[in-house]
Amino acid sequence: MIIAVDGPAASGKGTIARALAKHYGLPYLDTGLLYRAVALSVARMGLDPETEADAVAACDFSDALLSDPALRDDEIGALASVVSAHPLVRAALLHRQKRFAAQEGGAILDGRDIGTVIAPDADAKLFVKATPNIRAQRRHAELQARGGTASKDRVLADIRARDARDSGRSTAPLVMAADAALLDTSFLSIEASVQRAVALVEAQRAKKVSV
């Protein structure tokens, strides 16, 4: 079984995808970490994230980098949104993601183009969203917990800018797959969001079996 979980930053898709992976006993990949790894490599190599050739040069990273705590820095998240807009970067990381999705037994992946590009034939697809203000509150709380000093207004502006880049890029833009189930977590607790996600996945699986 392959489950695709897509959505914008701070929508809760990562939390939901991890909970689904635990529920179904499936391996999980946060594909956003791949782009964050490229962004971190670009920064450490002193390259320009706006230049496609520089971003591509940073795609040949070791899997060990995916456990680097620096990947969670908000500055790296913003850079990841920049490098992910380059078509050649997305092409360079495409095989790694498809290979993970195709492993025996299935997998759960979250990102922004899982249901549309990486695993268009997934058994279940979720598109997780929340209002920009709610997402900014969540991200601001996360940053404060890690000692960050960015204002809530700055976080909201960054989220809006990332949404615009992710939705407006020419290659694999952030868009809800036509056959995905929508899950709005704006006013749901984590527990309620996970319960709703499981119910939506089960409904999609039942529908496929009955066809």
Side-chain angles (χ1 to χ4, degrees), residues 1-21 26-42 49-50 52 55-56 58-61 63 65-66 71-72 76-103 106-130 132 135 139 158-185 197 200-201 204:
M1 177 173 64
I2 300 174
I3 300 176
V5 183
D6 289 305
S11 61
K13 68 180 184 297
T15 298
I16 288 170
R18 285 190 293 273
L20 289 173
L26 292 171
Y28 159 66
L29 176 64
D30 173 0
T31 64
L33 282 182
L34 301 179
Y35 294 96
R36 283 174 176 262
V38 174
L40 183 58
S41 296
V42 164
E50 300 280 357
E52 187 169 46
V56 170
C59 287
D60 188 23
F61 56 84
D63 284 347
L65 186 61
L66 297 178
L71 293 178
R72 297 297 181 182
I76 296 303
L79 282 181
S81 182
V82 174
V83 299
S84 69
H86 297 307
L88 291 180
V89 169
R90 304 199 72 83
L93 299 179
L94 182 66
H95 179 67
R96 191 188 295 228
Q97 296 172 78
K98 281 186 171 290
R99 186 174 65 236
F100 189 91
Q103 64 185 290
I108 294 179
L109 298 86
D110 85 60
R112 288 168 174 74
D113 64 346
I114 308 304
T116 54
V117 177
I118 305 302
D121 296 323
D123 300 280
K125 299 179 184 180
L126 299 180
F127 190 88
V128 183
K129 73 170 190 175
R135 289 157 51 211
R139 181 53 53 84
D158 286 346
I159 278 181
R160 292 188 185 281
R162 290 177 66 179
D163 285 352
R165 282 195 299 268
D166 293 343
S167 300
R169 64 184 178 229
S170 59
T171 301
L174 169 63
V175 62
M176 179 174 168
D179 55 347
L182 179 63
L183 174 52
D184 190 333
T185 67
L200 290 172
V201 168
Q204 290 191 343

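Note: D163 CG to R165 CZ = 9.5 Å, rounded to the nearest 0.5 Å. How far OG of S81 is from CD1 of I159: 11.5 Å, rounded to the nearest 0.5 Å. Distance check, rounded to the nearest 0.5 Å: OG of S84 to CZ of R162 gives 8.5 Å. Distance check: L34 CG to L71 CG gives 9.5 Å after rounding to the nearest 0.5 Å. Atoms CG and CE, on L26 and M1 in that order, are 5.0 Å from each other to the nearest 0.5 Å.
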message = side-chain contact (heavy atoms from CB on, under 4.5 Å) for D110 and V128? Distances and angles first, verdict last.
response = CA-CA 10 Å; D110 85 60; V128 183; over 6 Å; no
message = As a quick check of understanding, evaluate side-chain contact (heavy atoms from CB on, under 4.5 Å) for R72 and L33, giving each step before the final call.
response = CA-CA 9 Å; R72 297 297 181 182; L33 282 182; 3.9 Å; yes
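Under the side chain to side chain contact (heavy atoms under 4.5 Å, CB included) criterion, T31 pairs with L29, Q97, L109, I114, sequence neighbours left out. For E52, the side chain to side chain contact (heavy atoms under 4.5 Å, CB included) partners two or more places apart in sequence, or in a different chain, are V56, H86, P87, L88. By the side chain to side chain contact (heavy atoms under 4.5 Å, CB included) test, A124 is found to be paired with I3, V201, Q204, residues two or more places apart in sequence or in another chain being considered. In terms of the salt bridge (charged side-chain N to carboxylate O under 4.0 Å, His left out) criterion, residue partners of R139 (sequence neighbours excluded) are, by chain and number, D74, E142. Considering only residues two or more places apart in sequence or on other chains, S41 meets the side chain to side chain contact (heavy atoms under 4.5 Å, CB included) condition with M45, A58, F61, L65. D63 pairs by the side-chain hydrogen bond (donor to acceptor under 3.5 Å, both in side chains) definition with R96, not counting sequence neighbours.
Scanning all heavy atoms of the two residues, the minimum distance from T116 to P120 falls at O-CB, 4.0 Å. The two residues I2 and A101 have their closest heavy-atom pair at CD1-O, 3.3 Å. The two atoms that bring C59 and L93 nearest to each other are O-CD2, 4.4 Å, heavy atoms only. The shortest heavy-atom contact between A107 and Q103 is CB-NE2, 4.0 Å. Nearest heavy atom pair, residue L94 against residue I118, reads CD1-CD1, 3.4 Å. Between K125 and A177 the shortest heavy-atom distance is CD-CB, 4.0 Å.
Contact check for L79 versus V42: no side-chain heavy atoms found under the 4.5 Å cut-off. Between L174 and F127 the shortest side-chain heavy-atom distance falls below 4.5 Å. You'll find the side chain of I16 reaches within 4.5 Å of the side chain of T185, heavy atoms only. V82 places a side-chain heavy atom less than 4.5 Å from the side chain of E50.
For the pair K98 (side chain) and V117 (backbone), a donor-acceptor distance under 3.5 Å is present. The backbone N or O of A9 lies less than 3.5 Å from a partner atom in the side chain of R135, making a donor-acceptor pair.
R90 and T171 share no side-chain donor-acceptor pair at under 3.5 Å.
One finds no salt bridge joining R169 and D113 here, because no Lys/Arg side-chain nitrogen approaches an Asp/Glu carboxylate oxygen to under 4.0 Å.
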